[in-house]
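Reading through the structure tokens given below for one structure.
Just so you know, these numbers use all the heavy atoms, side chains as well, and skip hydrogens, waters and symmetry mates. In this text the structure is predicted, and so the values were computed from the model without any measurement. A note on names: the letters A, B, ... follow the listed sequences, proteins ahead of strands, and every chain is numbered from 1.
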Number of protein chains: 2
Amino acid sequence: MTEREATQADTIRLAIESEIFNGSLVPGTSLEEGRLATRFGVSRTPVREAITQLVQAGLISKSAHRRAVVSELDSGTLLDLFEALSELEGSAAFLSTTRMSQAEKKRLVTIHESAADNLRNQEDPNEYAKLGSAFHHGIVRGCHNKILIEATDWLSLRVLPYRRFQVMTPGRLEKNQADHDAIISAIVAGDAEVAREALQRHTLEQGDALMRFIALNKKKPVERLPRAINEEYSV
Amino acid sequence: MTEREATQADTIRLAIESEIFNGSLVPGTSLEEGRLATRFGVSRTPVREAITQLVQAGLISKSAHRRAVVSELDSGTLLDLFEALSELEGSAAFLSTTRMSQAEKKRLVTIHESAADNLRNQEDPNEYAKLGSAFHHGIVRGCHNKILIEATDWLSLRVLPYRRFQVMTPGRLEKNQADHDAIISAIVAGDAEVAREALQRHTLEQGDALMRFIALNKKKPVERLPRAINEEYSV
DNA sequence: GACCGGTAGAGTGTATACAATAGGTCAAAA
DNA sequence: TTTTGACCTATTGTATACACTCTACCGGTC
């Protein structure tokens with residue numbers, strides 16, 4: 001929808017984004033324009049522009065004359081986020097079932113089978129995670145509705161800062177794979193309503209799992225804050 | 001989610017927004033920072049910030065080193081927009097059915113009945129339109145999911161520039177009212193799935209109607225462009 | 001006559017300087 | 001000792017000046 005090129009503001013936006021995603025910038029960290037400017041070796045102008053963009057993207061919150069802060073999602077909002085995302089992904093699955101080409105479906109099956117292999121042979125869990133998100137991604141793209149894709153991406157983006165909390169509780173990957181299996185079966189079988197329901201519940205459950213894990217780890221927040229501050233100030 | 005206060009950039013953003021909505025700035029019009037700056041009596045800086053925000057909101061498109069342009073939705077995208085919106089509103093209706101308080105449902109019924117009165121007595125159609133959007137709005141809020149509300153608002157915003165094309169084809173209002181009637185009935189009866197389906201189809205049909213009307217009027221685009229340019233340059 | 005490259009001119013991107021605001025600090029009074 | 005209020009500093013918001021990019025026009029060439 002909105003095409004851009006490599007202007008400094010964009011570069012900086014991407015840099016901040018990835019720092020948020022990889023955990024250098026923990027939610028709650030406050031961002032200071034001047035400091036960021038010197039850190040990136042530019043003036044405050046492009047930094048401000050990057051911040052404005054990230055605010056609109058929902059990754060940063062800010063009010064007038066106050067510092068920008070990496071958005072912090074309380075558990076209620078996080079729950080809302082997953083609920084909304086599950087509805088959107090469900091809708092996408094519904095549409096994708098009838099709209100994906102044979103090639104697209106085949107690609108999706110391939111991804112799914114790679115994931116199955118990975119799991120069976122106990123390979124790199126990071127790789128499995130990548131395949132998993134490719135699976136979701138593939139279904140969403142399959143709906144061929146630019147706006148629905150955009151909206152889904154938007155919500156997914158806001159979950160990313162919390163994805164790194166994702167951890168293996170015993171049997172979680174197997175459950176995940178089984179869910180995916182049900183979803184792909186429904187899509188291949190052409191049962192749109194089943195596909196919707198399966199993906200919807202799957203995403204919702206993923207959210208629940210993530211939230212439970214975060215809730216547990218919030219008990220010891222001592223280790224989180226100092227590290228974050230440290231990394232923000234490091235040049 | 002993101003709180004702001006009255007900074008100049010926000011004022012200008014709102015000004016541009018409303019000009020887009022009321023039709024002063026027709027989709028396709030190009031916005032020049034310098035001109036806008038002098039028009040609003042400020043420097044380019046807040047104007048640029050306003051534009052950045054509107055770009056992220058989807059109302060304006062822009063790529064690096066090029067002028068900002070009021071987003072123009074081709075018919076395909078508009079169709080996507082309505083399809084996505086219908087899914088979101090449908091989801092909201094589903095959730096609202098079980099989550100709205102009695103007070104909320106009552107308020108919704110009141111709005112619906114006011115609309116019925118308005119229609120029966122052939123009162124102001126503008127007022128009817130307002131009640132109609134209040135009805136939709138009320139259902140969406142009723143889902144009590146901040147994110148879903150945000151996402152729905154986001155999409156609705158992008159439809160607004162085209163709403164003014166809305167016109168009365170014979171019997172359209174009656175059909176609209178009948179749809180709303182079915183929706184509110186399902187909600188009051190507590191039948192979430194019926195509510196979802198009813199609102200979803202209703203929004204989709206609204207979109208189709210709008211698109212048909214726009215398609216007809218696109219046949220004579222001569223009158224649109226000069227007027228737009230004219231209005232942009234008027235102080 | 002059509003096509004191509006170069007060259008102003010307009011307009012965007014960035015830097016810097018200035019203004020205004022918020023939040024903290026310190027002092028004074030209860 | 002605590003609280004309150006005024007100032008003072010740090011940081012954001014805005015203006016202006018400059019640099020770079022694009023585009024449209026022009027002359028030349030095929």
At a cut-off of 3.5 Å, list every protein nitrogen or oxygen paired with a nitrogen or oxygen from nucleotides 6-10 of chain C, distance to 0.1 Å.
none

- [ ] Please report how far the helix from C:dG1-D:dC30 to C:dA30-D:dT1 bends, comparing the axis fitted to its first five pairs with the axis fitted to its last five, to the nearest 10 degrees.
- [x] 20°
TODO: Could you check how far CD1 of A:Ile12 sits from C1' of C:dA15, rounded to whole Å?
DONE: 12 Å
Open item on the list: I want to verify a distance call: between D:dT14, C:dG13, C:dT14, whose nearest atom is closest to the A:Arg48 side chain?
Closed with: D:dT14
Task: Among C:dA15, D:dG13, D:dC22, the nucleotide that comes nearest once only the side chain of A:Val42 is considered - done: C:dA15
Open item on the list: Are the side chains of B:Ser75 and B:Ile214 in contact, using a 4.5 Å heavy-atom criterion?
Closed with: no
Task: Set of residues satisfying side chain to side chain contact (heavy atoms under 4.5 Å, CB included) with respect to B:Thr45, sequence neighbours excluded - done: B:Ser43
Open item on the list: What is the distance, to the nearest angstrom, from the CD atom on B:Gln8 to the P atom on D:dT12?
Closed with: 18 Å
- [ ] Report the distance from atom CZ of A:Arg66 to atom C1' of C:dG23, rounded to the nearest whole Å.
- [x] 9 Å
Open item on the list: Assess whether a salt bridge exists between A:Arg158 and A:Asp153, defined as any Lys/Arg side-chain N lying under 4.0 Å from an Asp/Glu carboxylate O.
Closed with: no
TODO: Measure the distance from NE2 on B:His65 to C1' on C:dG13 and round it to the nearest whole Å.
DONE: 6 Å
Task: Side-chain donor/acceptor of B:Arg44 to base of C:dG11, under 3.5 Å - done: no
Task: Heavy-atom side-chain contact between B:His136 and B:His202 under 4.5 Å - done: yes
Task: Whole angstrom value for the distance that separates P of D:dG13 from CD of B:Gln53 - done: 11 Å
Task: side-chain N/O B:Lys62 vs C:dG13 OP1/OP2, d < 4.0 Å - done: yes
Open item on the list: Can you list everything that forms a side chain to side chain donor-acceptor pair (under 3.5 Å) with B:Glu83? Sequence neighbours excluded, please.
Closed with: A:Arg99, A:Asn145
Open item on the list: At less than 4.0 Å, is any side-chain N or O atom of A:Ser43 found next to OP1 or OP2 of C:dA15? Yes or no.
Closed with: yes
Open item on the list: Can you tell whether the side chains of B:Glu87 and A:Arg196 come within less than 4.0 Å, N to carboxylate O?
Closed with: yes
- [ ] Could you list the residues that satisfy side chain to side chain contact (heavy atoms under 4.5 Å, CB included) with A:Ile111, not counting sequence neighbours?
- [x] A:Leu131, A:Ala134, A:Phe135
Open item on the list: Going by the rule side chain to side chain contact (heavy atoms under 4.5 Å, CB included), which residues pair with B:Asn22 if we only count those two or more places apart in sequence or in a different chain?
Closed with: B:Ser24
Task: Rounded distance in Å - CD (A:Glu49) to P (C:dT12) - done: 12 Å
Task: Contact nearer the 5' end of DNA chain D, comparing A:Ala68 with B:Thr45 - done: A:Ala68
Open item on the list: Tell me the interatomic distance from B:Ile51, atom CD1, to C:dT12, atom C1', rounded to whole angstroms.
Closed with: 10 Å
Task: NZ/NE/NH1/NH2 to OD/OE distance under 4.0 Å, A:Glu17 and A:Arg13 - done: yes
Task: Gap between atoms CD and P, on A:Glu33 and C:dA15 respectively (whole Å) - done: 14 Å
